[in-house]
Novice: 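Shown below is the structure under consideration.
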Number of protein chains: 2
Amino acid sequence: MFAARGVAGTGVRDITAAAEVNLAAINYHFGSKEGLVEAVLARSAQRLVEERLKGLAECAEGPGRPPMLEQLISAYVSPSLSYGREAGMDGVAFIRLRARLAVESEEVYRRLLARTFDESSRRFLEAIKAALPALPPDLVTWRFHFMMGSMIFCQVDNGRIQSISEGAIDASDPEGALARLIPFLAAGFRAPP
Amino acid sequence: MFAARGVAGTGVRDITAAAEVNLAAINYHFGSKEGLVEAVLARSAQRLVEERLKGLAECAEGPGRPPMLEQLISAYVSPSLSYGREAGMDGVAFIRLRARLAVESEEVYRRLLARTFDESSRRFLEAIKAALPALPPDLVTWRFHFMMGSMIFCQVDNGRIQSISEGAIDASDPEGALARLIPFLAAGFRAPP
DNA sequence: GTCTATACAGTGATAGAC
DNA sequence: GTCTATCACTGTATAGAC
């Protein structure tokens, strides 16, 4: 319901009514509405991270040594764009929900996302630094940040580029976005310092 | 107040009390709280667009013909990252507010941003297509979308990359971000199809 | 037309009965 | 542990004064 109608758009009364439990159940079991959001997201995000790290492990086994930059980017971005899409009917809304929390101002959500994602992101950042030994490490960090921006904006997109391009592009298509993102980001990462 | 404490975090009673007017004033003059947000943002955004278009006009007069890709990217990104920073003390919060609305789900804000920004964005997109005649136009549109993502994420950032990099990078510094963004994005745009 | 006071239906949270 | 009743608060609507 959070994914479908948004966190703010979903009242605790909607949830408890759908679950056929008492109004106070959420506050009793999760402390607050935010606590419930945190619990819901922590579970989904944890599995996404596992998928990411599985991809990272496969990169290390690949033919290129050190792993190709493109492989690393794909392993990082792909689960974020498509995880949740196949499993469950509200997958797309769920992907958007995750992305929207990533740009949220509220401290609670930022701490949750940091706790869940930072460890694996740091490992990817280190791997990409190793794949680009000629570049200053801090510059790679900046570029990693730009990558997160492009990735999250693809997830969150709900019509911006369709509007600008008069419908020529559907940015919410994960395969299409990934196919264009990887060469774009790889070239950006490889730009001379 | 919207910029400082967020839209949701600012009640209409806070605003009317600070303005020393009656509670009903907002709904009378702007229809609703959303209407007030729209009015506040429309004014700020309009001036940003003007700054952007001034930069686009200067590109056309520059020594490169057609304009250098880097010039175009800078003219597009730079006002978005820094406009409002100098004017007024809440400039930084204002930049974040704009960016957060860009990823907002609610239809009202998306329509407002589309109405305000799409026209000028479309002109930049066409200019970039002209600067990259070897690339399929649709691919340039995709890459323009990725650029918007990186740009907006720099605006909205509130500690993500600081956390991952253990404080090495301050992504909210507009000059630092712009200096790294332009070569990154230019290389991404120029990647072979 | 503009401003005021007040009422209303909604929210999330919670003290206390069972 | 669970549930009910109630709390403080939100944005909005409206009747009436100026």
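Each chain gets a letter, A, B and so on, in the order its sequence line appears, and its residues count up from 1. Just so it is clear, the model here is predicted, and its values are computed rather than measured.
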Novice: Within the structure, does a side-chain N or O atom of A/His29 lie under 4.0 Å from either OP1 or OP2 of D/dT2?
Specialist: yes
Novice: Would you jot down, in residue-number order, the residues of residues 36-44 of chain B having a non-hydrogen atom under 4.0 Å from DNA chain D?
Specialist: none
Novice: List for me each residue that meets side-chain contact (heavy atoms from CB on, under 4.5 Å) alongside A/Ala177, sequence neighbours excluded, and say none if there are none.
Specialist: A/Leu81, A/Cys154, B/Trp142
Novice: B/Lys129: which residues meet the salt bridge (charged side-chain N to carboxylate O under 4.0 Å, His left out) condition with it, sequence neighbours left out?
Specialist: B/Glu126
Novice: Who pairs with B/Ser44 by side-chain hydrogen bond (donor to acceptor under 3.5 Å, both in side chains), at least two apart in sequence or on another chain?
Specialist: none
Novice: Taking only distance into account, with no hydrogens and no angle test, what donor-acceptor pairs under 3.5 Å do side-chain atoms of residues 27-36 of chain A form with protein atoms, sequence neighbours excluded?
Specialist:
{"residue": "A/Ser32", "atom": "OG", "partner": "A/Glu34", "partner atom": "N", "Å": "3.4"}
{"residue": "A/Ser32", "atom": "OG", "partner": "A/Gly35", "partner atom": "N", "Å": "3.2"}
{"residue": "A/Lys33", "atom": "NZ", "partner": "A/Val7", "partner atom": "O", "Å": "2.9"}
{"residue": "A/Lys33", "atom": "NZ", "partner": "A/Thr10", "partner atom": "O", "Å": "3.0"}

Novice: Using a cut-off of 4.0 Å between protein heavy atoms and nucleotide atoms, how would you tag nucleotides 7-18 of chain C 5' to 3' with B, S and -?
Specialist: ----BBBB----
Novice: Tell me, which pairs form a salt bridge (Lys or Arg N to Asp or Glu O under 4.0 Å) where one or both residues lie in residues 70-80 of chain A, sequence neighbours left out?
Specialist: A/Glu70-A/Arg190
Novice: Taking ring pair (Phe, Tyr, Trp, His ring centres under 6.0 Å) as the test, write out the residues that go with B/Tyr76, two or more places apart.
Specialist: B/Phe124, B/Phe144
Novice: Test of understanding: with side-chain hydrogen bond (donor to acceptor under 3.5 Å, both in side chains), list the residues that count as partners of B/Asp170, not counting sequence neighbours.
Specialist: B/Gln162, B/Ser172
Novice: Can a salt bridge be assigned to the pair A/Arg43 and A/Glu38 using a cut-off of 4.0 Å between side-chain N and carboxylate O?
Specialist: no
